[in-house]
Number of protein chains: 2
Amino acid sequence: MPPRLTKRREQVLAFIRDHAARTGAPPTVREIAAGLGIPSPNAVVGHLAALQRMGVIERSPRRARGIRTVSALPPLSLPIPEVVPGIPILGRIAAGRPIYADENVEGTIAADPFLVRDRAETFVLRVQGDSMSGDAILPGDYIFVRRQPVAERGQIVVALIDDEATVKRYFPEPRRVRLVASNPAYAPIVIRQEDGRRFEVLGVVTGVFRRV
Amino acid sequence: MPPRLTKRREQVLAFIRDHAARTGAPPTVREIAAGLGIPSPNAVVGHLAALQRMGVIERSPRRARGIRTVSALPPLSLPIPEVVPGIPILGRIAAGRPIYADENVEGTIAADPFLVRDRAETFVLRVQGDSMSGDAILPGDYIFVRRQPVAERGQIVVALIDDEATVKRYFPEPRRVRLVASNPAYAPIVIRQEDGRRFEVLGVVTGVFRRV
DNA sequence: GATGGTAGTGTACGGATGTACAGTCGTCAA
DNA sequence: TTGACGACTGTACATCCGTACACTACCATC
């Protein structure tokens, strides 16, 4: 239920929020009074007491700027989901070695089915380079990759070209494969059958995570 | 170039950031002293002067808690818990009617410290609109938000304007707040003090996840 | 016409707070 | 060996700030 506040108390609350957002600290009693054109601090004290009674602010007694606005977000108490096994974070992917080789694993991520559907066949890679920035995949992002040897046309895949792993959109064509970056600064990579290069689809990208 | 700070001054800066994020207001000189085990306020004064000289904090002279941190350094690493509780996924956020937990929560994500550092204060939101596409945050993405009532200049925040939640970059200015989209098609939102609009910082964005 | 809530004025007290002054101790480069 | 700097102790003071007390006024509604 939205607490029913008087107009004046809405103003007081708005002033507190605004002051905190602008200056990085909540206002003092006298700053609120000055902001609303009230000469006496005691008038504000009454409003603060009312706001506290209604639960929209919290106060630390006798502390300067001891006002905290209670967020619109309610406190949450939720069931704790089952513990899930970790998904390996792989470092460099080298050709000729199984993907899950121990030496490649930099760590694990515990992620639940919401983030990753097919956990057993999923691994995580750190993105290098900005060739997929057109798909909002940036350098340093972590991508979730489901291991599979084939992909559908147009999917974002992790592929091995010779000894190098790369992330691109996948376009199979007669006698060749086109790997297209989403950053127009990068030309498509074309692997022709007669080139004799090693080419392998390691998996398809199912998710992206980025620390901000 | 990150300014080279002494160990002690790093501690002071970290304490200020931590205190501000936790309590909603920066600490007093004596609170910093007490937090670092220093009996004299003057020892802290010297550190604050140095931090100000180096431009990593700003101060409002003679005002209680008149410290503002300026630049965003990598967050300090807090003790990492082993257990992995669920992080709530919230639906729409409306201000006028604070929605009860069970109505509003679409589900939970089990994410470990690798994905989310301060999990107790973190929730997940679904992005609506493409206003932050310049930061590779797209419609439908899930963003991880750490609940805190104040933010630092330039951080990506979730803010409440009147009755609407929005994701923007946050720029506090004298007597107003500027919220800037990273998609140039969207003009900055300016909330002036005299507008009388409701404004509140709900938290800062710490991560992005996208299903591909 | 009594009651209770809202909104305010004016004054005052004591502790919190920023700040200044006077020193101490150790390190490290000139 | 001088001097700059970091880190700190200890004291002191004016002002800021939360809080309390006394009092006024308006306005519902019971």
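To find a chain, count down the sequence lines: A is the first, B the second, and so on, and within it residues start at 1.
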Taking atom P of D:dA7 as reference, at what distance in whole Å does atom CD of B:E10 sit?
11 Å
Base, backbone or nothing for each nucleotide of nucleotides 25-30 of chain C, written B, S, -, heavy atoms under 4.0 angstrom, 5' to 3'?
------
Can you name the atoms? Protein N/O to nucleotides 21-25 of chain D N/O, anything below 3.5 Å, with the distance.
{"from": "D:dC21", "atom 1": "N4", "to": "A:N42", "atom 2": "OD1", "distance (Å)": "3.4"}
{"from": "D:dC21", "atom 1": "N4", "to": "A:N42", "atom 2": "ND2", "distance (Å)": "2.8"}
{"from": "D:dA22", "atom 1": "N6", "to": "A:N42", "atom 2": "ND2", "distance (Å)": "3.2"}

Closer than 4.0 Å, any side-chain N/O of A:R59 to the OP1 or OP2 of D:dT19?
yes
Polar-atom pairs under 3.5 Å, protein N or O versus N or O of nucleotides 26-30 of chain D: list them with distances, or write none.
none

Angle of first-five versus last-five pair axes in the helix from C:dG1-D:dC30 to C:dA30-D:dT1, to 10 degrees
20°
Output all residues satisfying salt bridge (Lys or Arg N to Asp or Glu O under 4.0 Å) with B:E173, sequence neighbours left out; order by chain, then residue number.
B:R176, B:R178
Take atom CG of A:L36 and atom P of C:dG8, then tell me their distance rounded to the nearest Å.
8 Å
Has the side chain of B:R63 got a donor or acceptor atom sitting under 3.5 Å from an opposite partner on the base of C:dG18?
no
With no angle test and no hydrogens, is the base of C:dG8 tied to the side chain of A:S40 by a donor-acceptor pair under 3.5 Å?
no
Starting at the 5' end of DNA chain C, which residue's closest nucleotide do you reach first, A:A64 or A:P39?
A:P39
Side-chain donor-acceptor contact under 3.5 Å, B:R68 with B:S60:
yes
In terms of side-chain heavy atoms of B:V29, which of C:dG18, C:dA12, C:dT9 is nearest?
C:dG18
Classify the ring geometry of A:F144 against B:F209: parallel below 30°, tilted from 30° to 60°, perpendicular beyond 60°.
perpendicular
Which nucleotide sits closest to the side chain of B:I38: C:dT9, D:dC8, D:dG18?
D:dC8
Whole Å only: how far is the CZ atom of A:R65 from the P atom of C:dG18?
9 Å
Can you check nucleotides 4-7 of chain C for protein contacts, nitrogen or oxygen pairs under 3.5 Å, and list what you find?
{"from": "C:dT6", "atom 1": "OP1", "to": "A:R9", "atom 2": "NH1", "distance (Å)": "3.1"}
{"from": "C:dA7", "atom 1": "OP1", "to": "A:T6", "atom 2": "OG1", "distance (Å)": "3.3"}
{"from": "C:dA7", "atom 1": "OP2", "to": "A:T6", "atom 2": "OG1", "distance (Å)": "3.2"}
{"from": "C:dA7", "atom 1": "OP2", "to": "A:R9", "atom 2": "NE", "distance (Å)": "3.2"}

